[in-house]
Peer 1: 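Quick one: the structure is below, and I'll ask about it shortly.
Quick caveat: nothing in here was measured; it's all calculated off a predicted structure.
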Amino acid sequence: MTGEEKNVQTRLVECLLQKGMHIATAESLTGGMISEMITQVPGASGVIELGICSYSNRIKHLLLGVSEDTLETYTEYSLQTASEMAQGVRIAAGADIGISTTGIAGPGGAMPGKPVGSVWIGISTLDKTKSEEYHFSGSRDEVRAQAAQAALMLALENC
């Protein structure tokens with residue numbers, strides 16, 4: 001199997017293993033999907049430190065350290081929240097990479113300026129923390145699957 005034929009989670013686990021790195025996930029929108037995809041790969045136990053399904057703002061704040069001010073000012077659907085989630089899970093796990101997802105999978109939940117399919121993915125490494133906004137289409141499951149794939153790609157790019 002060539003590198004191009006391997007799925008993104010396999011390539012990510014291989015990269016993390018080669019570099020002796022660890023990853024942790026904080027998932028709202030994807031509800032554990034990213035952790036599940038990583039743990040499908042043999043050897044994943046050597047790279048994944050922690051996975052938190054932080055579906056509520058209470059958990060985002062209490063376990064991940066997302067500030068109440070961020071949640072009130074920007075909402076849970078924001079670049080700021082995604083960044084704080086990624087950094088919080090990375091620090092909590094002592095991992096090299098923290099990845100997070102938050103967003104609106106639908107069919108309801110749209111907000112002004114934040115339609116269904118809006119997704120924010122955060123990445124935190126020892127050097128930087130940032131987040132990116134995405135817009136996916138399709139059913140709830142399709143939006144979630146696209147978000148998980150995008151998060152894995154972002155993690156791979158930062159491995």
Side-chain angles (χ1 to χ4, degrees), residues 4-16 22-45 47-66 70-71 74-90 92-93 95-125 129-159:
E4 293 168 352
E5 293 171 335
K6 294 179 183 176
N7 60 36
V8 66
Q9 61 266 34
T10 298
R11 290 183 286 151
L12 175 60
V13 168
E14 288 175 353
C15 180
L16 293 167
H22 296 93
I23 191 167
T25 64
E27 302 182 65
S28 185
L29 169 87
T30 50
M33 189 179 291
I34 299 166
S35 294
E36 196 271 334
M37 291 171 75
I38 291 170
T39 59
Q40 288 176 347
V41 180
S45 61
V47 301
I48 190 160
E49 292 282 289
L50 173 70
I52 294 177
C53 180
S54 54
Y55 221 66
S56 74
N57 285 350
R58 184 178 71 83
I59 296 301
K60 287 176 181 72
H61 174 67
L62 289 176
L63 295 183
L64 299 173
V66 177
T70 294
L71 293 168
Y74 302 104
T75 81
E76 64 267 39
Y77 310 126
S78 65
L79 294 169
Q80 295 83 355
T81 296
S83 289
E84 290 183 32
M85 288 171 65
Q87 184 173 33
V89 77
R90 180 184 59 77
D96 302 287
I97 298 173
I99 194 85
S100 69
T101 57
T102 187
I104 306 166
M111 302 170 71
K114 298 177 181 185
V116 168
S118 299
V119 174
W120 293 266
I121 300 174
I123 182 90
S124 182
T125 65
T129 297
K130 66 176 188 163
S131 54
E132 297 183 11
E133 182 174 344
Y134 298 80
H135 296 275
F136 300 118
S137 60
S139 69
R140 177 179 180 82
D141 287 342
E142 290 168 335
V143 167
R144 294 176 66 240
Q146 290 171 79
Q149 283 291 321
L152 288 167
M153 283 300 301
L154 189 57
L156 181 59
E157 290 166 11
N158 285 273
C159 178

Peer 1: Can you name the closest pair of heavy atoms from Leu64 and Ala26 and give their distance?
Peer 2: CD1-CB, 3.7 Å

Peer 1: Measure the OG-CE distance between Ser28 and Met85 for me, rounded to the nearest 0.5 Å.
Peer 2: 5.5 Å

Peer 1: Kindly compute the distance separating OG (Ser54) from CG (Leu62), expressed to the nearest 0.5 Å.
Peer 2: 11.5 Å

Peer 1: Quick check: closest heavy atoms across Ala147 and Val119, and the distance to 0.1 Å?
Peer 2: CB-CG1, 3.8 Å

Peer 1: Heavy atoms only: give me the nearest Ala151-Ile121 pair and the separation to one decimal.
Peer 2: N-CD1, 3.7 Å

Peer 1: Indicate the atoms forming the closest heavy-atom contact of Ala110 with Pro115, along with that distance.
Peer 2: CB-CA, 4.1 Å

Peer 1: Taking the side chain from Gln146 and the backbone from Glu142, do they hold a donor-acceptor pair closer than 3.5 Å?
Peer 2: yes

Peer 1: If you round to the nearest 0.5 Å, how far is CD1 of Ile23 from CD1 of Ile38?
Peer 2: 4.5 Å

Peer 1: Return the set of residues passing ring pair (Phe, Tyr, Trp, His ring centres under 6.0 Å) with Tyr77 (not counting sequence neighbours), or none when no residue passes.
Peer 2: none

Peer 1: Listed by chain and number, what are the salt bridge (charged side-chain N to carboxylate O under 4.0 Å, His left out) partners of Glu36, not counting sequence neighbours?
Peer 2: none

Peer 1: Checking side-chain hydrogen bond (donor to acceptor under 3.5 Å, both in side chains) for the pair Glu27/Ser35: CA distance, chi angles, key distance, verdict?
Peer 2: CA-CA 9 Å; Glu27 302 182 65; Ser35 294; 3.2 Å; yes

Peer 1: For residues 79-88, which residue pairs pass the side-chain hydrogen bond (donor to acceptor under 3.5 Å, both in side chains) check, not counting sequence neighbours?
Peer 2: Thr70-Glu84, Ser78-Thr81, Ser83-Ser131

Peer 1: Using the side-chain hydrogen bond (donor to acceptor under 3.5 Å, both in side chains) rule, collect all pairs that involve residues 98-119, keeping only residues at least two apart or in two chains.
Peer 2: Thr30-Thr101, Thr75-Lys114, Ser118-His135

Peer 1: Rounded at 0.5 Å granularity, tell me how far CD in Gln149 sits from CG in Asn7.
Peer 2: 7.5 Å

Peer 1: If you look at every heavy atom in Gly51 and Thr25, which pair is closest and at what distance?
Peer 2: CA-OG1, 3.2 Å

Peer 1: Applying salt bridge (charged side-chain N to carboxylate O under 4.0 Å, His left out), name anything that partners Glu14, two or more places apart in sequence or on another chain.
Peer 2: Lys6

Peer 1: Does any N or O in the side chain of Arg140 come within less than 3.5 Å of the main-chain N or O of Gly106, such that one atom is a donor and the other an acceptor?
Peer 2: yes

Peer 1: So, taking the atom named CD1 in Ile48 and the one named NE2 in His22, what distance separates them when rounded to the nearest 0.5 Å?
Peer 2: 10.5 Å

Peer 1: Please enumerate all residues that pass ring pair (Phe, Tyr, Trp, His ring centres under 6.0 Å) together with Phe136, with sequence neighbours excluded.
Peer 2: Tyr134

Peer 1: Determine whether Ile97 and Leu16 make a side-chain contact, defined as any pair of heavy atoms from C-beta on separated by less than 4.5 Å.
Peer 2: yes

Peer 1: Under the criterion side chain to side chain donor-acceptor pair (under 3.5 Å), which of Thr129, Asp96, Asn158 is the partner of Ser124?
Peer 2: Thr129

Peer 1: So how far is it from Met33 CE to Arg144 CZ, rounded to the nearest 0.5 Å?
Peer 2: 3.5 Å

Peer 1: What's the shortest heavy-atom distance between Val116 and Gly108, and which atoms?
Peer 2: CG2-O, 3.9 Å

